[in-house]
Amino acid sequence: LANSGTATLDAPVTVLNDGMGGNGTNSITANSGRLGGAGVITNSGIIEGGATTNSNTTYLDSVVVNNADGVIRAMSNNGATGTIFQMPSSVTNAGTMEANGGKLNFTTGTTVANSGTIQAVNGSNVTFTSGAIVTDSGGTLRIASTGTGLITGSATRVDATTVIDDGGTLTLQSTSRLGGPSVQVDGDLIMRGSARIDAPVTVGMTGNATFNSGTGYFDNAVTILGDG
C-alpha cells in the first residue's frame, strides 16, 4: 500500500494474510494510508504500519483477527518520528500486536479481545484512549525496557496480565481503569487524575508507583506484593 495508499474491502470479503509475496508481510506506508472497509482481515503473517513523514498516521479500518502466528506492528519508516498506526474498532488478538518504532494506538470505540500479547518495545509507545476496551482472554500487556504505555480517557479500560519491565513506564490518567488478573511493576507505574487499578488483581512491586496530579488509587481489595 505504499503506492496507492488506500485499499477498500467491500463486504463480505475476508483477506487472509498468510504468505502473500512469499513472506507474509504487508506494509501500509503512505501518509494517511489505510486498509479498511466492511471486510475482515485475518492475519497469520505480518501487517505493519508506518508513515513516511513525521507525526503522520496509517490506519487499519476493517475487523481484524490476528492469529497466534500473526504480528501487527507500528514501525518506523524512512526515519520518520512520531508516526501512529491506528487500530480498528474490532480486534481479536491471539498473536502479537506491538509498538516497535512507531506508536500503536487504540482509540474511540475500539474493543480488543486479547489472548495474545500487546507490547511496547524499543523506546516505542502503545496508547489506549477515549473509551478503548481490552478484555482479558488470558492475554498480556507488556511495557518493555525503554517502552512506554498510556491508558487515558473516560471509560477506557484494559484487563490483562500486565508486565512493566525495568526501564519501562506505564501511565494511567483521567478516569481510566487497569484490571487483572495481575500487574507486575519492575519499572515505573504513574497514576494521574482519577485513574484506578481495579480488584481483583495482584500487584507485584519491585519498581516504583507514583501518584500525582489527582486522586489515582488502587481498589481496596487489590493485593500488593514486593519491595518496590
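Fair warning: this is a prediction, and the values are worked out from it, not measured in the lab.
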Enter the distance from [X]:[atom1] to [Y]:[atom2] here, rounded to the nearest 0.5 Å.
X      : Y      : atom1 : atom2 : result
Thr53  : Asn78  : OG1   : CG    : 9.0 Å
Met191 : Thr171 : CE    : OG1   : 10.5 Å
Ser115 : Asn66  : OG    : CG    : 9.5 Å
Thr148 : Leu170 : OG1   : CG    : 9.0 Å
Asn122 : Ser76  : CG    : OG    : 10.5 Å
Phe128 : Thr110 : CZ    : OG1   : 10.0 Å

Single-linkage hydrophobic cluster, 4.5 Å side-chain cutoff, Val126 and Val163 together: no
Hydrophobic cluster membership, Val121 vs Met97, 4.5 Å side-chain cutoff: no
What I'd like to find out is whether the side chain of [X] reaches to under 4.5 Å of the side chain of [Y], using heavy atoms alone.
X      : Y      : value
Lys103 : Thr127 : yes
Leu60  : Ile41  : yes
Asn43  : Ile72  : yes
Val183 : Thr202 : no
Thr57  : Phe85  : no
Val158 : Phe106 : no

Any side-chain to backbone donor/acceptor pair from [X] onto [Y]? Under 3.5 Å, distance only.
X      : Y      : answer
Ser90  : Val63  : no
Thr83  : Ala80  : no
Arg192 : Ile190 : no
Thr156 : Gly131 : yes

Residue pairs, two or more places apart or on separate chains, that pass salt bridge (Lys or Arg N to Asp or Glu O under 4.0 Å) and touch residues 68-94: Glu48-Arg73, Arg73-Glu98
Inter- and intrachain pairs under salt bridge (Lys or Arg N to Asp or Glu O under 4.0 Å), touching residues 123-152, at least two apart: Arg142-Asp165
Salt bridge (Lys or Arg N to Asp or Glu O under 4.0 Å) against Asp159, all qualifying residues, sequence neighbours excluded: Arg157
Side-chain donor-acceptor contact under 3.5 Å, Thr52 with Asn77: no
Asp166 and Ser145 side chains, donor-acceptor separation under 3.5 Å: no
Qualifying residue for side chain to side chain donor-acceptor pair (under 3.5 Å) with Asn208, from Thr169, Asp188, Asp186: Asp188
Qualifying residue, where the test is side-chain contact (heavy atoms from CB on, under 4.5 Å) with Thr129 and the options are Ile151, Asn105, Leu150: Asn105
